[in-house]
Amino acid sequence: MSLIPQAKNKINRKYVSPAAIRVVEKLRAADYEGYIVGGAVRDLILGNKPKDFDVATNATPEEVKGLFRSARIIGRRFQIVHVRDGREIIEVTTYRGPHLSEGSIKSASKQSDKGLLLRDNVYGTLAEDAARRDLTINAMYYNPIDGSVLDQMDGQKDINARLVRVLGDPQTRYREDPVRMLRVVRFAAKLQFDIESETEAAIRVCGPLLAEIPPARLFDEFLKLFMAGHGRPTLLLLLRYQLLDSLCPDAAFLIEKEPRFKTLVTQAMGNTDQRVKDGRHVTPAFLLAALLWPVVQTRADNLVRAGEAAAQAIHSAGQQVIAETCQKMAIPKRFSFPVREIWELQTRLERRQPKRVKDLLADRRFRAAYDLLLLREESSETLNNAGEFWEQQQLEYPDLVGTAPPRTEDKSPRRRRPRRKREG
Ligand code: ATP
Ligand code: MG
């Protein structure tokens with residue numbers, strides 16, 4: 001069945017954004033089509049409160065812009081319009097058509113020789129738009145005026161069966177956009193749905209294609225994967241499908257190889273999920289510090305065995321690991337600096353030098369570094385009881401913690417020699 005009337009769907013209008021309704025009303029008043037689409041409809045049907053609202057229409061971006069004073073056209077890969085209404089931003093997209101269909105404007109759609117979609121701005125009908133979406137459960141259209149849902153892709157059936165299913169042929173859809181594999185995993189973890197068997201099997205074949213995704217997009221996706229409160233189950237699924245390799249291959253290898261690392265990283269994710277649930281502050285820096293710690297520690301241990309001092313070893317290993325990871329995911333400096341500070345604090349916290357106690361407590365990264373230290377202890381390192389020691393110190397000087405101004409890159413433990421240009 002493709003039309004689900006209001007009486008048959010379980011959407012609670014209380015959860016529908018009035019701003020999104022206003023956008024739809026205004027489009028319709030101007031004789032365009034307008035529906036609330038995507039994740040918002042899925043979440044509404046599941047009885048959850050959506051975190052944001054997308055609207056789809058047959059009006060072109062220019063036409064949408066003409067209707068709303070606050071509209072801004074953004075995006076290159078997909079042109080979309082942001083309509084601001086108070087503090088809310090409603091994302092309005094024009095129906096997309098099949099990118100290789102005859103009659104489509106040639107330059108509007110572009111595909112690489114491997115099937116990857118480079119540009120996808122061919123407009124289409126609602127039915128075509130539905131077929132271009134990623135998952136059946138993300139391809140439902142809600143009409144907030146009469147409360148009905150258009151469900152041409154059987155999304156409701158998969159919601160009932162609690163299944164994540166890619167639309168169309170999974171391998172073809174992953175080739176067009178490998179990030180869809182990460183989205184499958186993200187929604188399976190978030191909704192606690194199973195992954196439909198062909199959707200799943202194709203991931204095993206297409207996983208390596210994620211290497212083609214630009215590092216900036218992968219970092220955006222990293223944040224969605226791990227910062228939304230379902231990081232732990234997401235990580236376990238990424239490991240199961242060997243997709244973590246595309247984000248941080250060395251960490252993925254060590255986490256699978258050494259149980260203590262798996263304990264540490266899953267625990268870090270679990271703690272972060274709990275913080276999200278409690279509405280507390282979370283930072284990607286801590287997550288990255290924990291996720292990449294197995295690599296940093298392994299490299300630093302090797303350097304120490306080769307005769308380097310512990311602090312220096314962590315410093316060099318950290319530098320290397322950030323540089324390598326940035327080839328895959330573009331970690332912005334505002335996160336990579338604190339990540340390295342968290343690592344470099346580990347050796348100093350382990351050492352427990354009495355003269356340094358107050359400085360270390362005051363360090364801006366003390367709390368995050370202490371949290372990582374505890375995770376290391378819980379996952380079986382002994383570390384000279386440093387965790388207990390620092391807990392005592394915090395009780396003794398509660399007002400000091402994290403009060404120092406931020407350190408800058410220049411104050412890293414090693415004085416830099418001027419870099420010589422490499423020849424050849
Ligand atoms: P979230 O709860 O994370 O916002 P969402 O489903 O709304 O989930 P968005 O990234 O906001 O996800 O995308 C909005 C909609 O756009 C999706 O529901 C889906 O229909 C479509 N979409 C997003 N990314 C893709 C993609 N890579 N390929 C095809 N369709 C996509
Ligand atoms: Mg969304």
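All of these numbers come straight from a predicted model, not from anything done at the bench. All ligand and atom numbering here is 1-based and tracks the order in the structure. Just the heavy atoms: all of them, side chains too, but no hydrogens, waters or symmetry mates, feed the values below.
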Identify, by atom number and element, the atoms of ligand 1 in contact range of [X], meaning under 4.0 Å from any of its heavy atoms.
X: D177; result: 26 (C), 27 (N)
X: R186; result: 3 (O)
X: G38; result: 18 (O)
X: R132; result: 29 (C), 30 (N)
X: D54; result: 7 (O), 11 (O), 14 (C)
X: D52; result: 4 (O)
X: K190; result: 2 (O)
X: G39; result: 5 (P), 6 (O), 7 (O), 18 (O)

Of all N, O or S atoms in D52, identify the one at the shortest distance from the Mg ion (ligand 2).
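Nearest N/O/S atom: OD1.
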Is there a donor-acceptor contact under 3.5 Å linking the side chains of [X] and [Y]?
X: Q267; Y: S379; answer: no
X: S316; Y: Q312; answer: yes
X: N160; Y: Q156; answer: yes

Below 4.0 Å from any atom of ligand 1, is there a heavy atom belonging to [X]?
X: V179; result: no
X: E176; result: no
X: E91; result: no

N/O to N/O below 3.5 Å, does that happen between K51 and ligand 1?
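Such a contact does occur with ligand 1.
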So, regarding A40 and ligand 1 (criterion: nitrogen or oxygen to nitrogen or oxygen, under 3.5 Å), is there a contact or not?
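There is no such contact.
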If I compare all heavy atoms of V122 with all of P98, which pair ends up nearest, and what's the gap?
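Nearest pair, atom of V122 first, then P98: CG1-O, 4.2 Å.
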Just grab all the ring-ring contact (aromatic ring centres under 6.0 Å, His included) pairs involving residues 226-261, residues at least two apart or on different chains.
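Matches after skipping sequence neighbours: F222-F226.
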Backbone of R96 reached by a side-chain donor or acceptor of E128 within 3.5 Å
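No, the answer is negative, given that no donor and acceptor are paired below the 3.5 Å cut-off.
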For the side chain of T93 and the backbone of I80, is there at least one donor-acceptor N/O pair under 3.5 Å apart?
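No; judged by distance alone, with no hydrogens or angles, the pair does not exist.
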Can you pull the salt bridge (Lys or Arg N to Asp or Glu O under 4.0 Å) pairs that have at least one residue in residues 228-240, sequence neighbours excluded?
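For residues 228-240: none.
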Angle between ring planes, Y141 versus Y95, binned at 30° and 60°: parallel, tilted or perpendicular?
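Y141 and Y95: perpendicular rings.
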Look at atom 15 (C) of ligand 1 and find which of M153, R133, R180 reaches it with the closest heavy atom.
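Among M153, R133, R180, the closest heavy atom to atom 15 (C) of ligand 1 comes from R133.
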Best match, M140, R173, R96, R183: closest heavy atom to atom 23 (C) of ligand 1
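Of the listed residues, R183 has the closest heavy atom.
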In plain terms, say whether R365 and E344 are close enough for a salt bridge, that is, a side-chain N and a carboxylate O under 4.0 Å apart.
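Salt bridge absent between R365 and E344.
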